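For clarity, every value in this text was computed on a predicted model and none was experimentally measured. The basis for the numbers below is simple: all heavy atoms, side chains too, and nothing from hydrogens, waters or symmetry mates. Start at 1 with the first residue, then count along the sequence.
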Amino acid sequence: MRQLLSALVDIEWDQSWTGDGARDLPHWIQMRYGISNWEAGRWLRAAQALETLPALSRALETGRLCLDKVLELCRFVTPETETDHIRWASRVSTATVRRRADAEVKRDREDLVDVERSRFLEMWYSDEGRRFGMEAKLPAAEGAVIERAIERLMRDVPAMPDEEDEVYAPARRADALVAMASSALGADGDRAMVVVHAPLAALSQDGPGGEVENGPPVAAAAVQRLLCTSRFQAVVEDGSGNVVGLGERSRLAPAWMQRQVRYRDRECRFPGCGARRFTEAHHVTFWRDGGETTLENLVLICGFHHRLVHEHGWTIERADDGEVRWRRPDGTHLRDGPPARAPTERMIA
């Protein structure tokens, strides 16, 4: 176990996990070793801490302390205090060590100040409609609510490839805000519709993009991703832009079919992901390529892995036995879990 934790530090340093479709390193650990994301986070934090805690590291290696006690001690001990805490932890229960860790990491909260009358929120488009700006000032109490909601959503809305570093935290907060707004719109039915205008050519892989009504342009890949879960309506125009015909509005995946997909798949079908929030019914064979809207051609995936498919080159295929298989952009097959080890004599015994 100590060797594994040490290896996680090396993997974090060289970023070797980034090609396996995980949203971050704890997610990679979760998928590879079949543990919860919470437990994976504990492993990673302990792995980082043990690099500067030699006595605690030896206590784990020799079995003086069990893994759970070491994980809890890594939350608060220092190189100066680790020896005393090891002696103490060896005499008490794991629950006692956990309570001590919880007490040590508590932080006092500053008093909130009410500045109710100074609150405002302003929004605007800039850069010829390509960017959206927002500025807000709120009382500290309300600001804390917004901060907590966005920071919490940040843990559920994964970072896109090459944006895992802390320097991209502002971008991840922006993604969390969009997810929050999208959830509210989705719960509001037809009245919450966001209209995107796009030519028929936007349905092809290299086609042009579209444009949000009264808003900015969007790339073709984004238009195609939206079509997986949105209503669409065909509008026929003449050369002058005059509407000469309208098609019926329809939903690519009816509500009853989406319910069946969610009941069947339960969670994101990317190997080991397990996400149940922000999941969408995606066409295995793209609708633009003739893929039908049937249960066999739909698969439940989370928003992060939906973007991997449409904007980062990953592909999905469904085998004859119904198993969903994923391939990286280079065509290699992704299989879940760590590589199998050949049995040793000791393992057989």
- salt bridge (Lys or Arg N to Asp or Glu O under 4.0 Å) evaluation trace for Glu72 with Lys69: CA-CA 5 Å; Glu72 296 298 340; Lys69 287 184 179 181; over 6 Å; no
Please find the pair of heavy atoms, one from [X] and one from [Y], that lie closest to each other, and give the distance.
{"X": "Ala40", "Y": "Pro26", "result": "CB-O, 3.2 Å"}
{"X": "His27", "Y": "Ala22", "result": "ND1-CA, 3.6 Å"}
{"X": "Arg325", "Y": "Ala319", "result": "CZ-CB, 3.7 Å"}
{"X": "Ala89", "Y": "Val97", "result": "CB-CG2, 4.0 Å"}

- Message: Can you classify the ring geometry of His306 versus His282 as parallel (below 30°), tilted (30 to 60°) or perpendicular (above 60°)?
- Response: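 Answer is perpendicular, since the angle exceeds 60°.
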Less than 4.5 Å apart, any side-chain heavy atom of [X] and any of [Y]?
{"X": "Cys273", "Y": "Gln30", "value": "no"}
{"X": "Leu298", "Y": "Arg318", "value": "no"}
{"X": "Cys74", "Y": "Gln48", "value": "no"}
{"X": "Thr83", "Y": "Arg87", "value": "yes"}
{"X": "Ile301", "Y": "Trp326", "value": "yes"}
{"X": "Glu61", "Y": "Gln3", "value": "no"}
{"X": "Leu295", "Y": "Val261", "value": "yes"}
{"X": "Leu73", "Y": "Leu53", "value": "no"}

What is the distance from atom [atom1] of [X] to atom [atom2] of [Y], rounded to the nearest 0.5 Å?
{"X": "Glu267", "Y": "Asp265", "atom1": "CD", "atom2": "CG", "result": "9.0 Å"}
{"X": "Leu60", "Y": "Leu67", "atom1": "CG", "atom2": "CG", "result": "6.0 Å"}
{"X": "Gln15", "Y": "Leu25", "atom1": "CD", "atom2": "CG", "result": "8.0 Å"}
{"X": "Asn297", "Y": "His283", "atom1": "CG", "atom2": "NE2", "result": "6.0 Å"}
{"X": "Ser57", "Y": "Leu50", "atom1": "OG", "atom2": "CG", "result": "5.5 Å"}
{"X": "Phe270", "Y": "Leu300", "atom1": "CZ", "atom2": "CG", "result": "14.5 Å"}

- Message: I'd like to know if the side chain of Arg64 and the backbone of Ser90 have a donor-acceptor N/O pair within less than 3.5 Å.
- Response: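 No; zero donor-acceptor contacts below 3.5 Å.
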- Main-chain N/O of Leu56 paired with Glu82 side-chain donor or acceptor, under 3.5 Å: yes
- Message: Salt bridge check, Arg99 against Asp102: does any charged N sit closer than 4.0 Å to a carboxylate O?
- Response: no
- Polar contact flag, side-chain donor to acceptor under 3.5 angstrom, Arg58-Thr62: no
Report whether [X] and [Y] are members of the same hydrophobic cluster (ILVMFWY, side-chain heavy atoms less than 4.5 Å apart, transitive linking).
{"X": "Tyr33", "Y": "Met1", "answer": "yes"}
{"X": "Trp17", "Y": "Trp13", "answer": "no"}
{"X": "Ile150", "Y": "Met123", "answer": "yes"}
{"X": "Val70", "Y": "Val9", "answer": "no"}

- side chain to side chain contact (heavy atoms under 4.5 Å, CB included) with Trp28: which of Leu44, Thr18, Asp20? Asp20
- Counting only heavy atoms not in Arg264, do more than 12 sit closer than 6.0 Å to its CZ atom? yes
- Message: Does the Lys NZ or Arg CZ of Arg100 fall within the cation-pi geometry relative to Trp88 - under 6.0 Å from the ring centre and within 45° of the axis?
- Response: yes
- From CA spacing to verdict: salt bridge (Lys or Arg N to Asp or Glu O under 4.0 Å), Arg172, Asp175: CA-CA 5 Å; Arg172 297 184 65 187; Asp175 292 343; over 6 Å; no
- Message: Aromatic contact between His85 and Phe76, with the criterion being ring centroids under 6.0 Å apart: yes or no?
- Response: yes
- ring pair (Phe, Tyr, Trp, His ring centres under 6.0 Å) with Trp43: which residues, sequence neighbours excluded?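 Once residues adjacent in sequence are excluded, Trp43 has no partner under the ring pair (Phe, Tyr, Trp, His ring centres under 6.0 Å) criterion.
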- After noting the C-alpha distance and the side-chain angles of Arg327 and Glu317, does the key distance pass the salt bridge (Lys or Arg N to Asp or Glu O under 4.0 Å) rule? CA-CA 8 Å; Arg327 293 189 182 275; Glu317 56 190 31; 3.5 Å; yes
- Query: Listed by chain and number, what are the side-chain contact (heavy atoms from CB on, under 4.5 Å) partners of Asp320, not counting sequence neighbours?
  - Reply: none
- Under the salt bridge (Lys or Arg N to Asp or Glu O under 4.0 Å) criterion, do Glu39 and Arg45 qualify, and how do the steps go? CA-CA 10 Å; Glu39 186 71 8; Arg45 288 189 293 272; over 6 Å; no
